[in-house]
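Here is the structure we will look at, set down as structure tokens.
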Amino acid sequence: MPILKGREGEFRAIAQLPAALVWHMLPIFEVVPSGNGSIRDAYRFTNQVRESAPADLTIAVDVRHLTDPTGGARRPLRDIAEDLAAWGIPMLPVLHLYDTAARLADVRHAADLHNGQMILRLGSDTRDPDDGEAEEALERLRNEIGLNIEHCHVVLDVFEVRSERDLTRVEPVVRKCVSWAQRYPWRSVTVAAGAMPQSISQLPVYTPTALRRWDLRLWQRVQDLGIQYADYSIAHPGMGGATWRPMPSLRYSDDEVWWIYRWPRGAIDRHPMYDLCKELVTSDHWPTQGRGFSWGDREIATRADGVGGPGNAANWRAWTTSHHLAQVMDQLGRSGYSDLRSKF
């Protein structure tokens, strides 16, 4: 259940998902605010989904980063749900334990337009699940929107995990939260985390640098609980802003780490992305399937051959997001992971 920003790079990667992965994946898209108003942001998002979503892909939509409109009858999540329903694109709305009554009504409306299912995302704003306040909040959801737990997936999102110390702190919390969640008949229980730093600008250039995938390590530690897997792909969990003309770079997922490649622009005419990609495809962490591993790997191998344009930040994000999704599904398959889509 990858948690993806609703940006160009992520949509390009999703557009290239092979059918074999579509049936094993439920991406949660966070709608990105632009500063032009939440209704315009919702309209832009739905157009991106319509242009990019493969056939049979169900997506989840989280509008938590958008502000509520100050006037008018239109609401972002309602607009998204109505447009996607009209285009025959299935979706699950995402709600949060302490959403306002207006947002909960939007979630109910969106769920009714689709398959009646939704995702409850419990994040950093969630109180101790054993305390009475959280139990009361769950009861409120049942009363206000008729929440049917049997039709709802729950995602326990611990946000950022960046070190062994973070793992030691978070693991008992996750186990406690999962124990609480498993008292109820949710359709699935998923643990989500992210480990990519906010910035990679401090990392060396002209040499790949390994960053530990602590988010994966957390899931491996609690896999015995029978939970599903989610991460933030190659991005930091925070929304952040786009970087203006970033240095050519790739964030390439391996079994335990990301390999970060950063090649600065030099004085020569040849774009550094070609040399960066050539370095990557000759490394020992290039997959044995080579360019056939994913669409993103094919694009990287093409640039290593000196063919095609060097791309831009959105392309580089798309290539490595595509590779990451394939890498995660390959790893989960090797670990005997249970299929999320079987629970829809």
Side-chain angles (χ1 to χ4, degrees), residues 1-6 10 25-33 42 45 58-68 76-77 80-81 90-111 114-129 133-142 144-145 147-161 170 173-174 176-194 215 218-219 222 225 227-233 235-239 340 343-344:
M1 194 183 288
I3 302 173
L4 303 173
K5 307 295 187 292
E10 283 81 350
M25 193 175 297
L26 173 60
I28 299 175
F29 275 103
E30 296 183 326
V31 184
V32 179
F45 176 82
T58 298
I59 67 168
V61 180
D62 193 333
V63 298
R64 65 174 181 158
H65 295 290
L66 301 185
T67 58
D68 285 327
L77 186 59
I80 292 169
M91 66 159 278
L92 279 69
V94 176
L95 71 154
H96 304 267
L97 204 57
Y98 299 99
D99 277 344
T100 64
R103 291 205 170 203
L104 292 180
D106 296 340
V107 168
R108 179 73 272 169
H109 177 73
H114 290 270
N115 61 4
Q117 296 184 34
M118 57 189 71
I119 292 177
L120 174 61
R121 187 173 173 188
L122 305 178
S124 57
D125 61 340
T126 304
R127 284 69 161 174
D128 187 329
E133 186 178 353
E135 293 290 343
E136 290 176 5
L138 184 57
E139 186 63 26
R140 168 182 167 243
L141 298 183
R142 287 168 159 171
E144 290 198 17
I145 62 171
L147 175 69
N148 186 334
I149 288 177
E150 290 85 353
H151 293 169
C152 187
H153 304 266
V154 63
V155 175
L156 305 171
D157 187 354
V158 300
F159 200 66
E160 187 174 28
V161 179
V170 165
V173 176
V174 168
K176 189 175 184 179
C177 289
V178 170
S179 177
W180 170 78
Q182 290 176 340
R183 299 175 194 170
Y184 303 94
W186 307 101
R187 290 189 67 83
S188 69
V189 177
T190 300
V191 171
D215 44 4
L218 171 65
W219 184 79
V222 298
L225 300 176
I227 42 85
Q228 305 287 342
Y229 178 81
D231 65 19
Y232 283 85
S233 186
H236 182 267
M239 180 57 71
L340 173 69
K343 300 188 178 184
F344 278 13

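Only a predicted model underlies this, so the values are computations on that prediction, with no experimental measurement involved. If you read the sequence from its start, that first residue is 1, and numbering goes on from there.
The side-chain hydrogen bond (donor to acceptor under 3.5 Å, both in side chains) test applied to Glu139 returns Arg142, not counting sequence neighbours. Annotation: side-chain contact (heavy atoms from CB on, under 4.5 Å) contacts of Ala102 (sequence neighbours excluded): Arg75, Thr100. For Asn148, the side-chain hydrogen bond (donor to acceptor under 3.5 Å, both in side chains) test picks out no residue, with sequence neighbours left out. Shown here are the side-chain hydrogen bond (donor to acceptor under 3.5 Å, both in side chains) partners of Glu10, two or more places apart in sequence or in another chain: Arg317. Applying the side-chain contact (heavy atoms from CB on, under 4.5 Å) test to Ala81 and every residue at least two apart in sequence or in another chain returns Met91, Ala110, Leu113, His114. Scanning for side-chain hydrogen bond (donor to acceptor under 3.5 Å, both in side chains) contacts around His109 gives Glu82, with sequence neighbours left out.
In this structure, His96 NE2 and Asp157 CG are separated by 9.0 Å, a value rounded to the nearest 0.5 Å. Put simply, NZ on Lys5 and OH on Tyr232 are 6.5 Å apart, with the number rounded to the nearest 0.5 Å. Residue Met25 holds its CE atom at 11.5 Å from CE of Met1, rounded to the nearest 0.5 Å. One finds the CG atom of Leu138 at 7.0 Å from the CG atom of Leu120 (value rounded to the nearest 0.5 Å). Atom-to-atom distance recorded for Leu141:CG and Asp99:CG is 8.0 Å, nearest 0.5 angstrom. From Leu156, atom CG reaches atom CD of Gln228 across 12.0 Å, with rounding to the nearest 0.5 Å.
Contact record, Leu66 with Pro76: CD1-CB, 3.8 Å, taken as the closest heavy-atom pair. Residues Asp215 and Ala193 come closest through the heavy atom pair CB-O, 3.4 Å. Residues Tyr98 and Ala137 come closest through the heavy atom pair CE2-CB, 3.7 Å. Here the closest non-hydrogen pair linking Phe159 and Pro237 is CE1-CB, 3.3 Å. For the residue pair Met118 and Val107, the shortest heavy atom distance occurs at SD-CG1, 3.9 Å. Annotation for His151 and Gly116: closest pair CB-O, 3.8 Å, computed over non-hydrogen atoms.
Side chains of Trp219 and Val161 form no contact here, defined as non-hydrogen atoms less than 4.5 Å apart. Between Ile3 and Glu30, some side-chain heavy-atom pair lies under the 4.5 Å cut-off. Ile119 has its side chain within reach of Leu26: a pair of non-hydrogen atoms, C-beta onward, lies under 4.5 Å apart. Counting heavy atoms from C-beta on, the side chains of Val158 and Val173 never come closer than 4.5 Å. A heavy-atom distance below 4.5 Å is found between the side chains of Pro27 and Ile59. Under the 4.5 Å side-chain criterion, counting only non-hydrogen atoms from C-beta, Thr58 is not in contact with Gln117. Counting heavy atoms from C-beta on, the side chains of Val32 and His65 never come closer than 4.5 Å. Taking the side chain as every heavy atom from C-beta outward, Arg103 and Leu77 never approach each other to under 4.5 Å.
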Step by step, work out the side chain to side chain contact (heavy atoms under 4.5 Å, CB included) result for Leu92 and Asn115.
CA-CA 8 Å; Leu92 279 69; Asn115 61 4; 4.1 Å; yes
Between Val154 and Tyr184, is a side chain to side chain contact (heavy atoms under 4.5 Å, CB included) present by the stated rule, with each step listed?
CA-CA 10 Å; Val154 63; Tyr184 303 94; over 6 Å; no
Yes or no on side chain to side chain contact (heavy atoms under 4.5 Å, CB included) for Ile80 and Phe29, after CA distance, side-chain angles and deciding distance?
CA-CA 12 Å; Ile80 292 169; Phe29 275 103; over 6 Å; no
Please step through side chain to side chain contact (heavy atoms under 4.5 Å, CB included) for the pair Cys177 and Leu122, ending with a clear verdict.
CA-CA 10 Å; Cys177 289; Leu122 305 178; over 6 Å; no
